[in-house]
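Working notes, beginning with the structure itself.
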Amino acid sequence: MYKTRRINDIFVSGIGSILHAVVVPLFAFVFVIIYHPFDMRGYLEMGPFPFIAHLAILFAILLVTMSLTRSLLYLVGRHLGVTRLFYVVWSFCEVVVSALFAALYVALMLKTETSFFDVARISLGIMLCIAVYPYLFLYFGLDSYSRYKEAETAREEESSSLIRFYDEYHKLKFIIASSAIVYIKSEDNYVRIFYLDQGRMKTQILRSSMRALEDTLARHGLVRCHRSFIINPEYVSMLHKDTSGALVLELNREQCESIPVSRKYQEEITKLL
């Protein structure tokens, strides 16, 4: 089943949260002053304060609301991770909540005959029309920046013998020389990395998938031989058939299990060895 991709943690990082909490209210404030959409000047001038004072208070309401929602998103992202779909839904709900608080202020301060629900509907329409611009700008801006940083990291890894292992939330967990890795085994939602440390076999568990690691490991000469195994050819001592006729790899390190070779990778493995 298709799974929605997780967004890069730059979206829910401290700097990403601060940018959203400041840029969206500031953009709305400046946009309303310049363009007066939906006759907001005439509507807000009915209250006890001048138009600019009401607008400043609404700006403060948006700033506080988005600071709280982004702080909560930051906590969610740190502990659970955030998919793109979740992020879009969260952003929409964020706009709705901000519009409701703004509508509550307008309904209480202006004391018009219009019901709160009508004010909320108008407030939501205004917020959706205005907020779409900074949200899209921030989304594509942060996405472009994250892609640039990922490409930069990939270039650094290619020029180095060190491999950086990130978990499924793109948090750095483990750094090791490619030559020290013997093989990697998939275990449900985790991978187990078997490596040498001063000649002794050790393991490191990482919450990630083989697919997420495959391209990075391939750049360092490690090869996939089975849906559950990636091996370092330097440590292969023998390729043979077991009693059932299936191809298996034997490694030249003690306590290493026999590594199966699936039909999908047989030709590649035999050529490599």
Side-chain angles (χ1 to χ4, degrees), residues 3-47 49 51-143 146:
K3 293 184 178 180
T4 306
R5 287 181 58 197
R6 294 185 182 276
I7 61 171
N8 193 285
D9 57 358
I10 186 66
F11 286 87
V12 294
S13 66
I15 188 65
S17 300
I18 292 171
L19 279 173
H20 265 279
V22 174
V23 170
V24 175
L26 185 60
F27 177 89
F29 181 78
V30 174
F31 187 89
V32 171
I33 289 177
I34 295 175
Y35 295 104
H36 313 300
F38 307 97
D39 193 29
M40 287 187 66
R41 175 178 285 276
Y43 191 68
L44 292 178
E45 282 180 343
M46 293 189 299
F49 304 122
F51 165 74
I52 194 67
H54 284 301
L55 198 57
I57 294 171
L58 289 173
F59 167 77
I61 290 173
L62 293 181
L63 184 64
V64 172
T65 303
M66 293 204 168
S67 296
L68 292 174
T69 56
R70 286 288 150 172
S71 297
L72 184 58
L73 181 62
Y74 171 75
L75 294 176
V76 172
R78 285 189 63 185
H79 296 287
L80 301 177
V82 175
T83 65
R84 292 184 184 273
L85 177 60
F86 182 91
Y87 182 78
V88 171
V89 173
W90 183 283
S91 298
F92 177 78
C93 293
E94 188 175 62
V95 172
V96 172
V97 171
S98 300
L100 290 177
F101 276 113
L104 182 62
Y105 168 78
V106 172
L108 290 175
M109 293 299 297
L110 300 186
K111 298 179 180 179
T112 64
E113 295 180 356
T114 307
S115 69
F116 169 75
F117 296 103
D118 288 333
V119 175
R121 178 176 52 79
I122 295 171
S123 176
L124 179 58
I126 293 172
M127 276 294 297
L128 288 174
C129 290
I130 295 176
V132 65
Y133 299 107
Y135 269 90
L136 288 176
F137 173 79
L138 287 169
Y139 181 88
F140 288 112
L142 291 173
D143 187 58
S146 67

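Please read all numbers here as calculations on a predicted model, not as lab measurements.
Contacts of Ala60 classified as side chain to side chain contact (heavy atoms under 4.5 Å, CB included), with partners at least two apart in sequence or in another chain: none. Among residues two or more places apart in sequence or in another chain, the side chain to side chain contact (heavy atoms under 4.5 Å, CB included) test is passed with Ile33 by Phe29, Ile52, Leu55. By the ring pair (Phe, Tyr, Trp, His ring centres under 6.0 Å) test, Phe31 is found to be paired with Phe27, Tyr35, residues two or more places apart in sequence or in another chain being considered.
Side-chain atoms of Val76 and Val12, non-hydrogen and from C-beta on, never get closer than 4.5 Å to each other.
No donor-acceptor pair closer than 3.5 Å links the side chain of Ser123 to the backbone N or O of Val119. For Ser67 (side chain) and Ala21 (main-chain N/O), no donor-acceptor pair under 3.5 Å exists by modelled atom type.
At most 12 heavy atoms of other shown residues, nucleotides or ligands fall within 6.0 angstrom of atom CZ in Phe137. Around atom CZ of Phe51, more than 12 heavy atoms belonging to other residues, nucleotides or ligands sit under 6.0 Å away.
Ring geometry, Tyr87 versus Tyr139: the interplanar angle falls from 30° to 60°, so the pair is classed tilted.
Considering CG of Leu128 and CZ of Phe92, their distance stands at 5.5 Å, rounded to 0.5 Å. Note that CZ of Phe101 is 11.0 Å distant from CG of Leu62, once rounded to the nearest 0.5 Å. Note that the NE2 atom of His20 and the OH atom of Tyr74 stand 15.5 Å from one another [nearest 0.5 Å]. Note that CG of Leu100 and CZ of Phe117 are 10.0 Å apart. Values are rounded to the nearest 0.5 Å.
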